[in-house]
Amino acid sequence: MAITSALDAMDHALVHALQIDGRASFRTLAGALDVSEHTVARRYRKLRAHGVLRVVGLLNGPRFGRTSWSVRLVCTPEAAGQVAEAIARRDDTVWVRLLSGGTEIACGVQSADQDGDALLLKKLPRTPRIVTMSAHATLHLFAGWRSRVAVLTDEQVERIRPALPYEKEVSLSAQDHALVRVLAQDGRARYGELAAATGWSPTTVRRRLGELRSGDALRFDVEIPSQALGYHAEAWLWMKVEPSALASVGRAMAAHPEADVVAATTGPTNLMAGVTCRDTQDLYRYLTERVAPLHGVRELETAPVIRTLKRVGTLLP
């Protein structure tokens with residue numbers, strides 16, 4: 001199955017279910033979707049084997065005082081691909097995309113370092129082939145990496161949603177980091193595999209996963225190419241918005257189904273958004289009919305996504 005293949009109704013239901021709980025058992029998923037456990041397992045394994053779907057686990061950086069940055073780099077044309085791949089291999093990058101005809105890179109970085117200059121000078125690759133570089137700290141997230149698949153009923157959602165008690169305090173050990181490294185590659189890794197990586201027993205792994213999730217320290221996401229869902233035009237928007245209108249414009253864009261992420265940032269522009277549309281004409285209509293009329297938007301820069309190297313924390317195969 002190529003990533004451009006259309007997913008059927010059962011596939012969409014499975015994707016939505018995994019976005020609710022990426023580690024829900026096949027039995028739980030089957031019960032909510034009203035199909036056999038064998039059918040759910042077979043569908044999931046087929047989608048994952050063909051690179052269409054992957055569940056990943058990642059730490060909630062802000063929960064541990066990490067600052068989220070969006071970094072923009074403009075490279076010489078022959079260098080951008082290599083630089084983007086080097087950045088994507090870094091553990092501290094969360095997402096990496098090649099933009100604007102292949103000369104610009106946008107990436108997300110989480111760092112405990114509050115100094116943007118130190119972040120750039122110490123951690124990102126140093127090469128004369130990088131023409132310009134800027135970093136924008138995230139001040140407020142209006143919308144963040146939400147699902148484009150919402151086909152289940154409220155009753156089905158509640159049957160899948162995990163019941164987790166709230167844990168106020170969570171601190172991370174070396175074993176926790178080993179656990180997360182495995183989950184970053186396969187969020188549905190078996191307890192035996194996680195036990196082998198941490199040195200814990202499977203029972204301890206199960207308990208610790210519950211603690212991390214209930215403490216909002218660990219979350220699971222579903223990686224799926226937008227093309228597999230029928231969307232073929234992605235773009236990043238950088239906007240200059242009047243300060244008095246920043247909150248209202250951010251909230252308005254967060255309500256747009258086209259917007260995947262909307263954030264207020266530092267820097268020469270103060271609002272950033274990642275959007276996904278059906279095609280370039282749909283993107284044009286979105287920019288001219290939905291974004292342009294928003295009161296307070298003074299400038300808008302659009303950069304199409306050429307290639308995604310890293311989507312939610314792990315390097316794409």
Side-chain angles (χ1 to χ4, degrees), residues 1-8 11-12 15-16 19 47 50-54 70-75 77 80-81 84-85 87-88 93-108 136 141-151 221-241 249-250 252-263 265 269 271-294 297 299-313 315-317:
M1 180 188 298
I3 64 171
T4 53
S5 298
L7 305 185
D8 64 19
D11 294 327
H12 280 82
V15 170
H16 189 188
Q19 288 170 335
L47 291 172
H50 287 84
V52 178
L53 178 150
R54 181 169 62 156
S70 60
V71 181
R72 297 182 67 183
L73 304 96
V74 176
C75 303
E85 290 174 359
I87 293 174
T93 55
V94 182
W95 53 269
V96 180
R97 286 166 170 81
L98 196 60
L99 310 175
S100 302
T103 59
E104 183 174 355
I105 301 165
C107 64
H136 311 255
L141 198 63
F142 294 100
W145 308 112
R146 58 191 175 197
S147 170
R148 295 199 157 269
V149 182
V151 296
D221 207 339
V222 176
E223 281 195 342
I224 181 168
S226 58
Q227 295 94 331
L229 300 174
Y231 297 88
H232 301 279
E234 296 181 73
W236 281 93
L237 314 180
W238 286 274
M239 306 164 66
K240 288 185 179 181
V241 180
V249 172
M253 290 191 65
H256 295 168
E258 295 88 351
D260 301 311
V261 58
V262 181
T265 69
T269 59
L271 191 68
M272 176 189 77
V275 301
T276 304
C277 299
R278 292 289 181 184
D279 51 35
T280 54
Q281 284 301 308
D282 192 23
L283 175 61
Y284 171 76
R285 286 189 293 269
Y286 173 68
L287 295 175
T288 56
E289 299 175 12
R290 305 290 300 281
V291 178
L294 293 175
V297 177
E299 294 183 22
L300 169 64
E301 180 183 355
T302 305
V305 175
I306 305 302
R307 178 186 172 199
T308 297
L309 293 89
K310 203 173 194 179
R311 188 169 284 112
V312 286
L315 190 65
L316 293 179

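When a residue number appears, it is its place in the shown sequence, counting from 1.
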Smallest separation among heavy atoms of [X] and [Y], with atom names:
X      : Y      : answer
Ala84  : Val96  : O-CG1, 3.9 Å
Val262 : Gly250 : CG1-O, 3.9 Å
Ser70  : Trp95  : CB-CZ2, 4.3 Å
Pro293 : Glu289 : CG-O, 3.4 Å
Ser100 : Ala303 : OG-CB, 3.3 Å
Val71  : Leu73  : CG1-CD1, 3.8 Å

Taking atom [atom1] of [X] and atom [atom2] of [Y], what is their separation to the nearest 0.5 Å?
X      : Y      : atom1 : atom2 : answer
Gln227 : Glu234 : CD    : CD    : 6.0 Å
Arg97  : Ile105 : CZ    : CD1   : 13.5 Å
Leu287 : Leu237 : CG    : CG    : 6.0 Å
Arg311 : Glu223 : CZ    : CD    : 5.5 Å
Thr280 : His232 : OG1   : NE2   : 11.0 Å
Leu300 : Trp238 : CG    : CH2   : 11.0 Å

Polar side-chain atom of [X] near backbone of [Y] as donor-acceptor pair, under 3.5 Å:
X      : Y      : result
Asp11  : Asp8   : yes
Arg278 : Gly230 : yes
Lys240 : Glu299 : no

With a 4.5 Å limit on heavy-atom distance, are the side chains of [X] and [Y] in contact?
X      : Y      : answer
His12  : Leu229 : yes
His256 : Val275 : no
Ile224 : Val149 : no
Pro257 : Tyr286 : no

Go through the steps for Val297 and Leu271 under the test side-chain contact (heavy atoms from CB on, under 4.5 Å), then give the verdict. CA-CA 10 Å; Val297 177; Leu271 191 68; over 6 Å; no

Begin with the C-alpha distance, continue with both residues' side-chain angles, and end with the deciding distance and a verdict on side-chain contact (heavy atoms from CB on, under 4.5 Å) for Leu47 and Leu7. CA-CA 10 Å; Leu47 291 172; Leu7 305 185; 4.1 Å; yes

Is a donor from one side chain sitting under 3.5 angstrom from an acceptor on the other, for Glu301 and Thr269? no

Hey, mind stepping through Glu258 and Arg285 against salt bridge (Lys or Arg N to Asp or Glu O under 4.0 Å) and telling me if it holds? CA-CA 11 Å; Glu258 295 88 351; Arg285 286 189 293 269; over 6 Å; no

Between Leu294 and Val241, does the side-chain contact (heavy atoms from CB on, under 4.5 Å) criterion hold? Intermediate values first, please. CA-CA 10 Å; Leu294 293 175; Val241 180; over 6 Å; no

Is Arg72 positioned over the aromatic face of Trp236, cation under 6.0 angstrom from the ring centre and no more than 45 degrees off axis? no

